[in-house]
Amino acid sequence: MVKQSKAHKVPFAKNYASEFLVFEKGEGVYLYDPTGKKYVDFGSGIAVNALGHGRSDLADIACSQMRKVIHTSNLFTSEPSVFLAEKLVALGDFDAVHFGNSGAEANEAAIKYSKLYSFNKKGAGNHKILALVSGFHGRTIGALSCTYNPAYKTPFEPLMPGVEFIPLNDVKALEATLDSTFAGVIVEVLQGEGGLQMMSREFAEALNRLCRKHDVILIADEVQTGLGRTGWPFASASVGLNPDIISLAKPLAGGLPLSATLIPAKINELIKVGDHGTTFGGGPVTCAVAGKVLDIILNPDFLANVRKQGEYLSKKLKTLAGKISFIGETRGTGLLQGIEIIQPENYKGDLIKSVISKCEDNGLIVLKSGKTIVRIAPPLIINEKQIDEGIAILEKTLESFGL
Ligand code: PMP
């Protein structure tokens, strides 16, 4: 059989592309397709592969755990799950964790816990959720209801009732909208899917203050920003946000599906057996791997290096923006950054789509955020030389448009 780099007409539901680049293996920040072509990975499987590809340390842990016990359900537990829960809870003022399998599930749990708290403390009817314009929280009905982009939602309406949106960093809108009829506010500190807009310190302070005042649960969706992506254990802390609940997922188990919803004592003490649950969440294999991932990522030297590489990347992107006429702003922080593509009026076609696909042709994987941002989210282990390598491909690709 001839090895091909692209898969066509795969019987996947049409909610994905019709043509896929196929990866056969990976090593560090590089991916390889079946023909042996090498790609610099500036995408990490949508900000997931934080420790890079081909990690035999993680594979050994997963294999060894699979030989012992793969799955217990949540009627029982295992040592790796207990250890991981203890580690995660110790990361802040948390009392417990609910494990799931995806970012959307982490947020579903967060939304349910905030409603459960409000129902117990304030009575029925105080169930509203406040979310932010351009926010993204997942595709399941609850998380989707809190996601802003109408294109993702319209065919599935009516969704969960009682969700309202205000613009990010609009303190006046927050003051005018939030009251005690809300159960929760769900926010991202850096909007990963919605265009890499960053929360201001002033807005974070207002969220802390007003959620406390109205006894509303503040949920930080750190599915994309949490565990090192911005150079900190949680991006919330870097802007002074003090959430009650933090949802985590993408990097948690180094590429295996695992999510965690961290909750405080004031919520945990109201939850009864059966209020929420999942079959697979927090199984022994994913938790064993996540234990190792956390040990590596949360090392202060590792985090300091993410911030250092982030600054280097930021400098490189600013230089690039100075050279290429159709780059607008540079956005983001740590190893979650991007460049704005401003499509010239005379350009026929979809420029950002062409940029991403030409990057692939030239051996670089990048992502999109919002409608106009090329998002860069490499494995957190990337070094300056590898950043240079990816940026050189990006520069060559952007220049090739001759605009
Ligand atoms: N929240 C945020 C901030 C995300 O970036 C994502 C995924 N991009 C999700 C939630 C949903 O995660 P998942 O696709 O694993 O359900």
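Keep in mind that what you see is a predicted model, and the values were worked out from it rather than measured. One-based numbering, in listed order, for ligands and for the atoms of each. Just so you know, residue 1 is the first one in the sequence shown, and it goes up from there.
For A104, a nitrogen or oxygen atom sits less than 3.5 Å from a nitrogen or oxygen atom of ligand 1, counting backbone and side chain alike. For E105, no nitrogen or oxygen atom sits less than 3.5 Å from a nitrogen or oxygen atom of ligand 1, counting backbone and side chain alike. For a threshold of 3.5 Å applied to N or O pairs, the pair formed by E188 and ligand 1 contains no separation below that value. For G103, a nitrogen or oxygen atom sits less than 3.5 Å from a nitrogen or oxygen atom of ligand 1, counting backbone and side chain alike.
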Please lay out, stage by stage, how S118 and N126 fare under the test side chain to side chain donor-acceptor pair (under 3.5 Å).
-> CA-CA 6 Å; S118 190; N126 299 299; 5.1 Å; no
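For atom 14 (O) of ligand 1, the nearest protein heavy atom is 4.0 Å or more away.
For Y30, the OH atom counts as densely surrounded, since its 6.0 Å shell holds more than 12 non-hydrogen atoms of other residues, nucleotides or ligands.
Taking the centre of each ring, Y347 and F326 stay at or above the 6.0 Å mark.
Comment: D275 does not engage K112 in a salt bridge, judged by the lack of any side-chain N to carboxylate O separation of less than 4.0 angstrom. In summary, E175 and R209 engage in a salt bridge, as defined by a charged side-chain N under 4.0 Å from a carboxylate O.
Among all protein heavy atoms, the one lying closest to atom 5 (O) of ligand 1 is Q224 NE2, 2.7 Å.
Contact annotation: Q191 has no heavy atom less than 4.0 Å from any atom of ligand 1.
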